[in-house]
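Small disclaimer: the values here were computed from a predicted structure and weren't measured.
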Number of protein chains: 2
Amino acid sequence: MTTPGRGLHGRVLDTLGPAITAGDYPPGSVLRTDELAQHFEVSRSVMREAVRVLESMHLVESRRRVGVRVRLKSEWNVYDPQVIRWRLAGADRPNQLRSLTILRSAIEPAAAALAARDATPEQCAELTACALGMVANSRGHKLDGYLFHDVAFHRVILAASGNEMFARLGDVVAEVLTGRTHHDVMFEDPDPAAVTLHVQVAEAVREGDAARAEQLTREITVGALQELDILAP
Amino acid sequence: MTTPGRGLHGRVLDTLGPAITAGDYPPGSVLRTDELAQHFEVSRSVMREAVRVLESMHLVESRRRVGVRVRLKSEWNVYDPQVIRWRLAGADRPNQLRSLTILRSAIEPAAAALAARDATPEQCAELTACALGMVANSRGHKLDGYLFHDVAFHRVILAASGNEMFARLGDVVAEVLTGRTHHDVMFEDPDPAAVTLHVQVAEAVREGDAARAEQLTREITVGALQELDILAP
DNA sequence: GTCCCCGAAAAAGTCAGACTTATTTGTCAC
DNA sequence: GTGACAAATAAGTCTGACTTTTTCGGGGAC
């Protein structure tokens with residue numbers, strides 16, 4: 001992912017960020033900048049920069065004469081890619097994955113519909129190539145190759161939607177798909193029906209059939225929800 | 001919204017953030033920390049903290065021997081509430097509003113469906129109260145009262161969905177709705193059909209009818225899209 | 001002429017210490 | 001009990017010196 005150690009303050013964040021998002025410091029608990037600086041063996045300047053970053057993520061709130069107070073989870077900037085990564089790496093991973101998959105299932109069908117209207121010929125070609133790659137890696141335990149094209153496929157859809165908010169969720173979707181393949185249970189070859197759906201989505205986008213692209217993508221995301229036992233009754 | 005000047009570095013950000021998001025410094029251009037510190041008449045420590053925050057938003061990237069380089073727009077953390085506020089305040093406002101409204105139209109129907117399944121009795125009551133407040137303020141140019149209940153209504157829906165990612169979009173929706181009422185053209189009373197739809201959504205959620213809640217909310221958001229001339233063919 | 005290595009320069013990064021300011025808390029008078 | 005004042009505390013700010021990384025340019029070897 002992004003380079004880990006962008007300086008000393010980055011090192012501090014690599015430890016402190018995950019600790020806070022994991023709930024090691026319960027909401028309302030107070031940290032002192034000086035103590036943290038001592039604990040991490042860095043100067044106060046460095047520690048202050050780290051605190052500023054946490055503050056900009058709304059993870060903590062710094063107040064004079066009080067200290068650095070950990071904010072309620074409901075106030076965190078949960079769309080910050082860094083925060084998402086920290087939470088996916090910690091004990092909150094299952095919940096995070098659930099939330100993100102539900103988000104995907106809301107966003108991706110809409111993105112596919114827009115992509116069907118606005119995708120450039122290049123993007124259509126790219127999409128078809130990705131779907132082809134998925135097919136080529138769908139049998140014979142070539143999970144890494146399959147994942148690679150799967151991630152690329154969804155990135156293209158989100159980018160081709162022409163909506164910057166959708167496009168920026170590419171990284172999130174990549175994390176979810178990667179997590180599903182690597183961390184969680186996925187020993188066998190992918191579901192053939194899912195592969196077919198991707199091919200058909202590429203088709204629909206190419207033909208400019210927004211309604212069909214949307215519906216097919218919805219079927220893909222419903223599958224993702226079912227894998228996590230998130231059912232719509 | 002959030003308190004403006006949380007210290008000197010906050011003051012700097014209030015100027016520098018909008019300038020960058022507005023495109024005053026084109027992508028790739030390089031700033032020097034020392035020059036900025038001089039320009040804003042603050043110490044280097046303060047300037048460095050400000051730069052760290054901008055860096056955590058992926059607005060800039062700080063490299064040794066080079067300086068602080070402005071990143072491509074496609075790399076910005078566009079879900080950061082602060083970034084959204086800066087962009088809504090600048091020349092990019094129309095585009096930002098477009099993107100956010102499309103995002104709303106993808107999220108809110110899904111949130112309404114989940115809310116219909118999981119809303120607590122208290123949330124159902126709150127929702128009904130909001131809808132009632134909208135009705136009461138729907139005639140006689142009581143736009144502020146209407147807006148207040150409209151914002152509250154959508155916040156409750158997003159919160160009641162039980163998905164933290166959806167819930168955190170409450171502020172975004174509030175900004176969009178407020179912007180529509182205050183900045184943009186909205187002289188007359190709100191569309192009676194929209195008011196009715198809100199009342200019906202509250203009904204559907206109360207009755208646990210997920211499909212109906214989703215469909216009705218979709219009609220609300222389609223209305224929002226049409227106001228901005230974003231059409232689905 | 002091209003390529004490579006090395007040294008100088010430039011800008012961010014780090015540290016330490018002194019000082020300022022806002023906020024809380026506690027005490028004392030009323 | 002209430003209100004005002006004083007002390008304590010931790011964040012905030014500034015400054016200056018130093019380190020480290022990266023880029024750029026020159027000079028030498030081929």
Integer-rounded Å distance: [N] [atom2] and [X] [atom1]:
{"X": "Glu61(A)", "N": "dA11(D)", "atom1": "CD", "atom2": "C1'", "answer": "13 Å"}
{"X": "Phe40(A)", "N": "dG13(C)", "atom1": "CZ", "atom2": "P", "answer": "19 Å"}
{"X": "Arg69(B)", "N": "dA11(C)", "atom1": "CZ", "atom2": "C1'", "answer": "13 Å"}
{"X": "Arg63(A)", "N": "dA10(D)", "atom1": "CZ", "atom2": "P", "answer": "15 Å"}
{"X": "Leu36(B)", "N": "dA12(C)", "atom1": "CG", "atom2": "C1'", "answer": "13 Å"}
{"X": "Met47(B)", "N": "dA11(C)", "atom1": "CE", "atom2": "C1'", "answer": "14 Å"}

| request: Apply side chain to side chain contact (heavy atoms under 4.5 Å, CB included) to Glu61(B) and list each qualifying residue two or more places apart in sequence or on a separate chain. | output: Arg63(B), Arg69(B), Arg71(B)
| query | For Thr128(A), what residues pass the side chain to side chain donor-acceptor pair (under 3.5 Å) criterion, not counting sequence neighbours? | reply | Arg206(A)
| note | Sorted by chain and number, sequence neighbours left out, side chain to side chain donor-acceptor pair (under 3.5 Å) with Glu41(A) holds for none
| Can you tell me how far OG1 of Thr101(B) sits from CG of Leu177(B), rounded to the nearest 0.5 angstrom? | 8.5 Å
| field | Distance below 4.0 Å between Ser62(B) side-chain N/O and dA12(C) OP1 or OP2 | value | no
Which side-chain N or O atoms in residues 150-174 of chain B pair as donor and acceptor under 3.5 Å with protein atoms at least two apart or in another chain?
unit_1    : atom_1 : unit_2    : atom_2 : d
Asp150(B) : OD1    : His154(B) : NE2    : 3.1
Asp150(B) : OD1    : His198(B) : NE2    : 3.3
His154(B) : ND1    : Glu108(B) : OE1    : 2.6
His154(B) : NE2    : His198(B) : NE2    : 3.0
Arg155(B) : NH1    : Asp171(B) : OD1    : 3.0
Arg155(B) : NH2    : Asp171(B) : OD1    : 3.2
Ser161(B) : OG     : Leu158(B) : O      : 2.7
Ser161(B) : OG     : Asn163(B) : N      : 3.2
Asn163(B) : OD1    : Met165(B) : N      : 2.7
Asn163(B) : OD1    : Phe166(B) : N      : 3.4
Asn163(B) : ND2    : Ser99(A)  : O      : 3.2
Glu164(B) : OE1    : Arg87(A)  : NH1    : 3.3
Glu164(B) : OE1    : Arg87(A)  : NH2    : 3.1
Glu164(B) : OE2    : Arg87(A)  : NH1    : 3.2
Glu164(B) : OE2    : Arg87(A)  : NH2    : 3.1
Glu164(B) : OE2    : Ser99(A)  : OG     : 3.4
Arg168(B) : NE     : Trp76(A)  : O      : 2.9
Arg168(B) : NH2    : Glu75(A)  : O      : 3.0
Arg168(B) : NH2    : Asn77(A)  : OD1    : 3.1

| request: Treat primed atoms plus P, OP1 and OP2 as sugar-phosphate and everything else as base, then score nucleotides 14-22 of chain C 5' to 3': B for base contact with protein heavy atoms under 4.0 Å, S for sugar-phosphate contact only, - for none. | output: BB-BB--BS
Could you pull out every donor-acceptor pair under 3.5 Å between side chains of residues 32-40 of chain A and any protein atom, sequence neighbours left out?
unit_1   : atom_1 : unit_2   : atom_2 : d
Arg32(A) : NH2    : Glu35(A) : OE2    : 2.8

